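This one's a predicted model, so the numbers in the text were calculated from it and none came from an experiment.
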Amino acid sequence: MARLALVQQQHNHPSFSILPSSLSDFNGTRLHSQIQFKKRISQPKGALHVSASSEKKILIMGGTRFIGIFLSRLLVKEGHKVTLFTRGKAPIAQQLPGESDEDFSDFSSKILHLKGDRKDYDFVKSSLSAEGFDVVYDINGREAEEVAPILDALPNLEQYIYCSSAGVYLKSDLLPHFEKDAVDPKSRHKGKLETESLLASRDVNWTSIRPVYIYGPLNYNPVEEWFFHRLKAGRPIPVPNSGVQITQLGHVKDLATAFIQVLGNEKASREIFNISGEKYVTFDGLARACAKAGGFPEPEIVHYNPKEFDFGKKKAFPFRDQHFFASVDKAKSVLGWKPEFDLVEGLTDSYNLDFGRGTFRKEADFSTDDIILGKSLVLQS
């Protein structure tokens with residue numbers, strides 16, 4: 001179970017070393033993975049589907065967290081030679097929730113590692129030029145200046161697939177957001193927007209994926225986990241304002257499938273696709289969906305006016321307090337992609353394979369809840 005690692009060395013030629021395998025703490029029901037050819041094989045909800053294609057030498061920028069973990073599984077299962085470019089701070093392979101030891105051993109024996117800092121542009125150019133890659137999946141790119149050296153190093157690149165964000169859209173009264181809608185050059189995702197502009201200006205075949213809110217097992221953002229913590233503790237769910245604000249979530253496995261479907265797809269050339277769930281949900285509806293997914297009683301929801309509180313630097317709610325959702329019609333019609341999970345099914349998958357097993361990324365912090373609930377009690381007395 002060895003992996004080839006190209007380790008960054010300052011101003012020296014790259015050298016190779018063997019990395020040890022590492023296991024995670026996840027166990028449980030097996031996730032079935034099969035290669036899908038012309039005839040679709042019926043599989044259980046959440047199975048990782050891949051399609052047959054010619055073998056590619058693929059580089060994933062990032063790949064050891066959340067999206068990259070599921071994407072790399074699909075690519076390796078399809079028969080591609082996959083290398084993760086990371087700083088080496090996290091294990092290159094970790095066992096998925098419910099993944100068998102046999103499947104994990106097979107994956108970890110095939111995944112490769114290129115260790116370095118993507119902001120060390122000289123190293124990026126020299127190491128990528130030496131290796132040569134057919135396709136790049138950029139999962140963790142935030143700034144355009146981080147992408148230019150990759151493009152310069154790989155003049156014969158077949159496709160650059162970028163993980164952008166639906167957060168680039170300009171706030172609008174007309175929803176859902178479509179791919180051709182106005183964008184906000186001042187958004188906190190402006191670096192991703194500038195990256196898309198860079199890709200469009202270069203002579204390269206690129207595809208950009210714009211997810212909305214992503215959820216699922218191993219999520220490092222407190223999306224569903226925020227609700228699960230409060231439901232498990234039997235606490236009320238503080239929701240800003242009326243709770244009828246509409247938002248949208250997409251399961252990480254559906255996102256990974258979309259990334260697979262744009263690979264080598266001529267219809268995806270120099271195109272942008274929104275990816276998320278098919279239906280939208282209110283904040284209150286999301287709280288109830290999380291309760292249903294985890295088998296909890298109907299939650300008590302407490303509405304509050306955020307303007308009446310000063311939470312300092314702490315975030316009292318995990319979603320932007322506005323309507324925010326996007327159309328996925330383009331991905332469905334052009335790519336033939338369709339999300340496998342509805343919201344409750346997806347939240348159930350996340351709960352059963354992660355939080356329900358006692359694993360989560362952040363400890364519960366109810367400090368802002370207590371401030372809200374304390375004032376609510378005073379107002380009610």
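Using modelled atom types and a 3.5 Å distance limit, the side chains of N241 and D321 yield a donor-acceptor pair. A donor-acceptor contact under 3.5 angstrom links the side chains of Y160 and D138, judged on distance only. Side-chain contact of T247 with H323: a donor-acceptor pair under 3.5 Å is absent, judged by distance alone. Judged by distance alone, the side chains of Y169 and N274 do bring a donor and an acceptor atom under 3.5 Å apart.
By the 6.0 Å and 45° rule, R320 stacks over the aromatic ring of F324. Geometrically, K375 does not engage Y304 in a cation-pi contact, judged by NZ or CZ lying under 6.0 Å from the ring centre and within 45° of the ring axis.
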Which donor-acceptor pairs under 3.5 Å do the side chains of residues 279-294 make with protein atoms, sequence neighbours left out?
residue : atom : partner : partner atom : Å
T282    : OG1  : G285    : N            : 2.9
D284    : OD1  : H303    : NE2          : 3.0
D284    : OD2  : H303    : NE2          : 2.9

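A donor-acceptor pair under 3.5 Å is formed between the side chain of R230 and the backbone N or O of W226. A donor-acceptor contact shorter than 3.5 Å links the side chain of E224 to the backbone of G216. A donor-acceptor contact shorter than 3.5 Å is absent between the side chain of S269 and the backbone of E266. Panel note: side chain K362, backbone E225; no donor-acceptor pair is recorded below 3.5 Å.
Taking 4.5 Å as the limit, every side-chain heavy atom of Y215 sits out of range of all side-chain heavy atoms of N221. Looking at heavy atoms from C-beta onward, W337 lies out of side-chain contact with V262 at the 4.5 angstrom threshold.
Partners of E145 by side-chain hydrogen bond (donor to acceptor under 3.5 Å, both in side chains), not counting sequence neighbours, listed by chain and number: Y121.
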Report the C-alpha distance between F259 and I139 in whole Å, list the side-chain angles of each, state the deciding distance to 0.1 Å, and finish with yes or no for side chain to side chain contact (heavy atoms under 4.5 Å, CB included). CA-CA 10 Å; F259 272 117; I139 303 301; 4.3 Å; yes

Verdict with supporting geometry, E300 and I237, side chain to side chain contact (heavy atoms under 4.5 Å, CB included): CA-CA 6 Å; E300 176 188 355; I237 309 292; over 6 Å; no

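Note on ring orientation: taking the six-membered ring where Trp is involved, the planes of Y351 and F355 are tilted (angle from 30° to 60°).
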